[in-house]
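We name chains A, B, ... by the order of the sequence lines, and we start the count at 1 in each one. Computed from heavy atoms alone, side chains included, the values below leave out hydrogens, waters and symmetry copies.
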Number of protein chains: 2
Amino acid sequence: MKVTIQDIAKAANVAKSTVSKVLNDSPKISRETKERVREIMRQMNYTPSSIATRLAKRSSRNIGLLIDMTHESEYMNPFFYNIMVGIESVIGPQTYELTIANVQPNDPERDIMNRLVRSGRIDGLITNNVILNDGMVDSLTELGFPFVSMGEYESRNVPWVDYDNEAGGAMLTGHLLAQGYADIAFVGGESGEKIYEKRHRGYAEAHRKASLPLRGERTVNGVADENHGYRSTLELLQSDRPPDAVVCMNNYVAFGALKAAEQLGIPIPGRFGIATFDDFPFSPYTNPPLTSLFIHTFELGATAGRMLLERIDDPALPSSSLLLQPELIVRRSTERIEAGRE
Amino acid sequence: MKVTIQDIAKAANVAKSTVSKVLNDSPKISRETKERVREIMRQMNYTPSSIATRLAKRSSRNIGLLIDMTHESEYMNPFFYNIMVGIESVIGPQTYELTIANVQPNDPERDIMNRLVRSGRIDGLITNNVILNDGMVDSLTELGFPFVSMGEYESRNVPWVDYDNEAGGAMLTGHLLAQGYADIAFVGGESGEKIYEKRHRGYAEAHRKASLPLRGERTVNGVADENHGYRSTLELLQSDRPPDAVVCMNNYVAFGALKAAEQLGIPIPGRFGIATFDDFPFSPYTNPPLTSLFIHTFELGATAGRMLLERIDDPALPSSSLLLQPELIVRRSTERIEAGRE
DNA sequence: TTGTATGCGTTATCAC
DNA sequence: GTGATAACGCATACAA
């Protein structure tokens with residue numbers, strides 16, 4: 001069978017408590033004993049049972065990361081790897097492991113609570129604001145259990161990290177304005193959807209800052225996919241007074257917009273400019289390449305990890321929140337309209 | 001403090017072993033007792049400690065999934081989420097958890113072995129063939145520890161799942177031939193690279209099957225990125241006798257090829273056809289959309305999970321391997337060259 | 001059917 | 001410095 005602390009103790013002719021102390025490098029153990037015991041551990045190829053350690057130490061050394069498989073989350077999906085690596089990069093060095101858990105959509109609150117939290121399987125929880133709900137938050141806080149949300153969460157007092165969608169909207173819109181575009185549409189996103197609201201607020205803000213009126217018909221809500229981007233842009237461009245640029249909710253919408261302009265023979269850039277949220281999955285690879293808003297997804301994960309670790313160390317910490325800044329990547333789709341040329 | 005099995009026993013006026021049996025739904029406990037105890041557990045909001053359970057049962061109910069953060073694995077990256085969800089979809093229902101572990105590149109073998117395997121933190125391991133090495137394989141098999149490789153692994157007797165790269169190469173090439181293309185290049189991939197060799201073998205095989213000669217200069221090795229795709233295709237197309245189609249190692253290479261043809265004013269499809277491995281991240285979103293080879297990444301993960309679970313149930317199982325078939329997705333980039341039109 | 005005693009592999013609290 | 005011994009929370013053979 002497996003070699004245990006007992007076996008080492010016997011072989012080294014010491015008590016197992018001594019072995020344990022060697023394991024934890026206790027200062028009250030003599031140098032010689034330590035070396036002797038360690039040598040024996042090496043010889044016998046001993047590795048302490050992490051389960052037993054955890055039981056005794058009452059810590060699982062484990063962080064839970066919640067995902068929702070059913071959501072087919074096109075949004076999370078491509079970013080997930082980077083986020084996860086970001087988390088791991090900060091918790092790994094602290095010898096925490098990362099456990100992925102799938103939430104059951106039918107009974108999200110109770111199941112996760114029992115399976116992961118109450119059972120002591122994890123020491124802290126990272127989730128996102130679409131999985132999180134008030135019930136979970138209440139249970140978690142009642143238990144004093146450390147957790148962090150990726151994505152803003154307002155209805156309760158929870159710690160979260162997010163990147164600044166509002167600033168992002170302002171950056172994209174502001175960039176278009178600075179390039180000389182003057183009548184900018186916004187395509188994609190459902191009214192009421194948090195992330196859309198934020199982004200659109202930035203779009204509005206940029207208009208205000210430029211003392212430009214905000215025309216309601218310039219915003220076309222809908223699912224953020226290629227089809228919606230295509231149809232909406234087509235309609236906009238065929239209207240009496242077409243916009244000269246558009247801010248898109250994501251790459252797919254932008255691709256649809258691109259297609260619409262192309263179909264109508266409208267040159268990009270030139271008569272029409274396109275800027276989009278997300279640099280992923282293909283904004284550098286369209287024709288022309290798309291000006292986009294890059295999210296440091298790794299940083300998002302790393303920050304969530306750091307915040308969680310802080311809260312594990314001190315569960316009484318008041319909940320704070322953090323906004324990361326996105327980065328504007330300028331490409332050809334929003335190049336300056338040269339004067340006198342069209 | 002937390003409520004334990006002891007507290008329940010006391011409250012229910014039974015022995016804790018009885019509670020334990022209720023927990024495990026033992027048939028030797030009377031219906032009434034079960035219900036009474038369960039009611040009390042509910043009232044006291046009891047959840048068994050998974051750590052204690054695991055220690056007693058000597059099973060961690062945990063599967064390890066290895067990643068290599070440093071590899072910046074552009075390859076794994078986009079597929080990772082699907083693979084992970086695939087794994088989770090089969091191990092989750094069996095109440096296994098998924099633990100992500102980052103392998104340390106400097107000391108990959110020993111560290112993982114101790115930290116995860118010997119420590120009993122996981123019951124089984126899923127890794128891929130770039131992380132796996134003979135040393136790990138030997139240690140793992142010596143311990144009789146269940147593991148599965150995603151990606152073919154030949155130098156030892158290990159169980160693996162992979163998708164059929166060779167068949168994929170033959171499918172893409174065969175499709176081009178069937179469409180009427182007759183002189184097909186292959187761009188991207190380093191000689192010696194496993195996955196490249198497989199794919200190229202399929203390419204060669206399709207030629208053989210069509211009784212077509214295989215010209216060495218039609219294969220242009222190199223890193224599989226846009227730049228290489230662009231330069232290679234440019235050169236090919238500018239040669240005395242240009243090919244009329246190309247098979248690309250991935251979307252980035254294909255995008256470079258697209259750009260080269262476009263720059264030379266060569267219509268696609270028409271005078272030139274492009275087919276590429278991978279449907280991700282953007283083959284539907286180029287102009288024209290790319291004919292591509294779709295990998296069921298979810299299935300890959302799910303299969304790995306199933307294989308691993310089988311081996312956990314029966315560690316003596318002889319190691320088997322499995323090839324999944326990719327799927328050809330035909331798009332405009334390889335449309336038929338209409339006779340008399342160019 | 002239920003209870004008793006012991007084990008799972010550590011850590012922690014005391015003594016010595 | 002080192003060694004018994006009791007937790008840690010649950011499972012299980014064996015009694016009752």
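- Test Asn133(B), Thr127(B), Asn128(B) against Val130(B) for side chain to side chain contact (heavy atoms under 4.5 Å, CB included) and you get one pass: Asn128(B).
- With rounding to whole Å, Leu23(A) atom CG is found 9 Å from dT10(C) atom C1'.
- Side-chain N/O atoms of Ser59(A) and Asp123(A) include a donor and acceptor closer than 3.5 Å.
- Of the N and O atoms on the side chains of Asp134(B) and Tyr153(B), at least one donor lies less than 3.5 Å from an acceptor on the other residue.
- To the nearest angstrom, C1' of dC10(D) lies 17 Å from CZ of Arg54(A).
- Comparing dT1(C), dT10(C), dA11(D) by their closest approach to the side chain of Pro48(A) singles out dT10(C).
- The side chain of Thr4(A) sits closest to dT10(C) out of dT10(C), dC10(D), dA11(D).
- Comparing the helix axis at one end of the helix from dT1(C)-dA16(D) to dC16(C)-dG1(D) with that at the other, each defined from 5 consecutive pairs, gives an inter-axis angle of 40° (nearest 10°).
- Using a 4.0 Å cut-off, some side-chain N or O of Ser20(B) falls inside it from OP1 or OP2 of dA11(D).
- With Asn82(A) contributing its side chain and Phe298(A) its backbone, the two residues share no donor-acceptor pair below 3.5 Å.
- Ser60(B) and Arg121(B) are not linked by any side-chain donor-acceptor pair at a separation below 3.5 angstrom, with hydrogens and angles left out of the test.
- To the nearest angstrom, P of dT2(D) lies 10 Å from NZ of Lys34(A).
- Within 4.0 Å of Lys57(A), counting heavy atoms only, lie sugar-phosphate atoms of the nucleic acid but no base atom.
- The residue Ser49(A) sits close only to the backbone: its heavy atoms come under 4.0 Å of sugar-phosphate atoms, none of a base.
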Under-3.5 Å N/O pairs linking protein and nucleotides 3-7 of chain C:
| from | atom 1 | to | atom 2 | distance (Å) |
| --- | --- | --- | --- | --- |
| dG3(C) | OP2 | Ala15(B) | N | 3.0 |
| dG3(C) | OP2 | Thr18(B) | OG1 | 2.6 |
| dG3(C) | N7 | Ser17(B) | OG | 3.3 |
| dG3(C) | O6 | Lys21(B) | NZ | 2.6 |
| dT4(C) | O4 | Ser17(B) | OG | 3.1 |

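- One can place NZ of Lys28(B) at 10 Å from C1' of dC14(D), the figure rounded to the nearest angstrom.
- Between the side chains of Thr53(A) and Ser50(A), no donor N or O sits under 3.5 Å from an acceptor N or O.
- Using a 4.0 Å heavy-atom cutoff across all strands shown, Ser119(A) reaches no nucleic acid atom at all.
- Straight-line distance from the CG atom of Asp7(A) to the P atom of dT10(C): 9 Å, rounded to whole Å.
- Between Thr53(A) and dG9(C), a side-chain N or O to OP1/OP2 separation shorter than 4.0 Å is absent.
- Counting to the nearest Å, the P atom of dG9(C) and the CE atom of Met41(A) are 17 Å from each other.
- In this entry the distance linking CG of Asp25(A) with C1' of dA12(C) reads 17 Å, nearest Å.
- Counted within 6.0 Å of CD on Glu154(B), heavy atoms from surrounding residues, nucleotides or ligands total more than 12; the atom is thus considered enclosed.
- When atom types are taken as modelled, the side chain of Lys10(A) and the backbone of Ala15(A) share no donor-acceptor pair closer than 3.5 angstrom.
- Below 30°, between 30° and 60°, or above 60°: for Tyr81(B) and Phe80(A) the angle between ring planes is above 60°, a perpendicular geometry.
- One can place NZ of Lys2(A) at 10 Å from P of dG9(C), the figure rounded to the nearest angstrom.
- Comparing Leu55(B) and Ser26(B) by the nucleotide of DNA chain C that holds the closest heavy atom to each, the one mapping nearer the 5' end is Ser26(B).
- With 3.5 Å as the limit, one finds no donor-acceptor pair spanning the side chains of Glu97(B) and Asn62(B).
- Residue-level contact check: Thr33(A) touches the backbone only, with heavy atoms under 4.0 Å from sugar-phosphate atoms and none from bases.
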